[in-house]
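See structure below.
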Amino acid sequence: MDKSLDEVRRTRNTILRGSKSERLVAQVISSRPKSHRRTGRRSSAKAQVLGNPANAATRAAAQNAAAAKVVAAAAPTSHPADKIIVSNLPADVNEVQIKELFHSTVGPLRDVTLHYDSAGRSKGVAAIHFQRKGDGTKAYQQYNNRLIDGS
């Protein structure tokens, strides 16, 4: 938009005498509350979770640290969970390996879904659905922010 709000308001009276669509636009502009202005930039969800590193070196170090581990991402809740999301998985990990790990260490599984991109490569994110309530919470407590495979 190449006009300021004050210029739009000054020309509003002339627009009201114009076509029907121009009158509708003027009504929308005039009906919008004046206090509904954004005062600053919204922070992204990623910045809220990871923080906002001051420089590029700090940002790169934070990304490398995040890529080096597998995180079981389920919100800690008061009720037992039966599903978790695991992220930052290496590209060579497959569903069978995930099934083996969680079945042997946590409990029986209902479903494991590994997410792939359009080229068929793993996105590094898996959804794991357990048969028993509470196994998701157990897996979260056992694997959250922990390195699962050292390689």
Side-chain angles (χ1 to χ4, degrees), residues 1-5 7-9 20-151:
M1 193 166 194
D2 54 71
K3 292 183 179 180
S4 70
L5 185 58
E7 290 172 329
V8 171
R9 287 188 178 178
K20 185 175 181 178
S21 63
E22 290 172 337
R23 285 189 298 242
L24 291 174
V25 169
Q27 286 174 350
V28 169
I29 290 172
S30 64
S31 67
R32 188 175 176 111
K34 294 177 187 174
S35 64
H36 191 321
R37 295 183 186 158
R38 293 184 184 167
T39 57
R41 238 186 133 170
R42 290 185 188 177
S43 61
S44 69
K46 183 177 179 181
Q48 289 173 353
V49 171
L50 298 176
N52 198 1
N55 60 25
T58 308
R59 193 175 310 117
Q63 289 173 347
N64 290 339
K69 61 186 174 188
V70 176
V71 179
T77 58
S78 59
H79 56 80
D82 63 342
K83 186 175 182 180
I84 62 169
I85 305 295
V86 179
S87 61
N88 295 337
L89 291 166
D92 61 340
V93 171
N94 59 31
E95 289 181 11
V96 174
Q97 293 169 324
I98 296 169
K99 284 179 186 178
E100 288 174 3
L101 173 71
F102 285 97
H103 182 74
S104 63
T105 60
V106 179
L109 303 174
R110 180 175 297 155
D111 186 37
V112 173
T113 306
L114 189 59
H115 300 263
Y116 298 96
D117 64 8
S118 59
R121 293 181 302 255
S122 170
K123 288 185 174 182
V125 178
I128 300 152
H129 201 136
F130 295 94
Q131 288 182 3
R132 296 186 302 233
K133 290 262 187 209
D135 280 352
T137 306
K138 180 180 172 185
Y140 174 80
Q141 291 168 348
Q142 187 172 350
Y143 290 112
N144 187 35
N145 292 324
R146 290 202 173 64
L147 186 66
I148 292 178
D149 187 10
S151 59

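Here the structure is a predicted model, which is why all the values come from computation and not from measurement. Excluded from the calculations below are hydrogen atoms, water molecules and symmetry mates; all remaining heavy atoms, backbone and side chain alike, are included.
Judged purely by atom type and a 3.5 angstrom limit, Thr137 uses its side chain to pair as donor or acceptor with the backbone of Ala81. When atom types are taken as modelled, the side chain of Gln131 and the backbone of Pro108 share no donor-acceptor pair closer than 3.5 angstrom.
Here the side chains of Val86 and Phe102 are in contact, with some heavy-atom distance below 4.5 Å. The shortest distance between side-chain heavy atoms of His115 and Ser122 does not fall below 4.5 Å. Residues Leu101 and Gln97 have side chains not in contact (no heavy-atom distance under 4.5 Å, counting atoms from C-beta outward).
One finds the NE2 atom of His103 at 15.0 Å from the CD1 atom of Ile98 (value rounded to the nearest 0.5 Å). Atom CD in Glu95 sits 5.5 Å away from atom CG in Leu114 (nearest 0.5 Å). Here the CZ-CD distance, from Arg146 to Gln141, works out to 9.5 Å after rounding to the nearest 0.5 Å. Distance check: Asn94 CG to Asp92 CG gives 8.5 Å after rounding to the nearest 0.5 Å. Annotation: the span from Thr105 atom OG1 to Glu100 atom CD amounts to 11.5 Å, rounded to 0.5 Å.
When every heavy atom of Ala139 is checked against every heavy atom of Phe130, the shortest pair comes out as CB-CZ, 3.8 Å. For the pair Lys83 and Ala127, the tightest heavy-atom approach, listed with the atom from each and the gap, is CE-CB, 4.1 Å.
Under the side chain to side chain contact (heavy atoms under 4.5 Å, CB included) test applied with Ile128, the options Val106, Ile84, Asp135, Asp82 reduce to a single match, Ile84.
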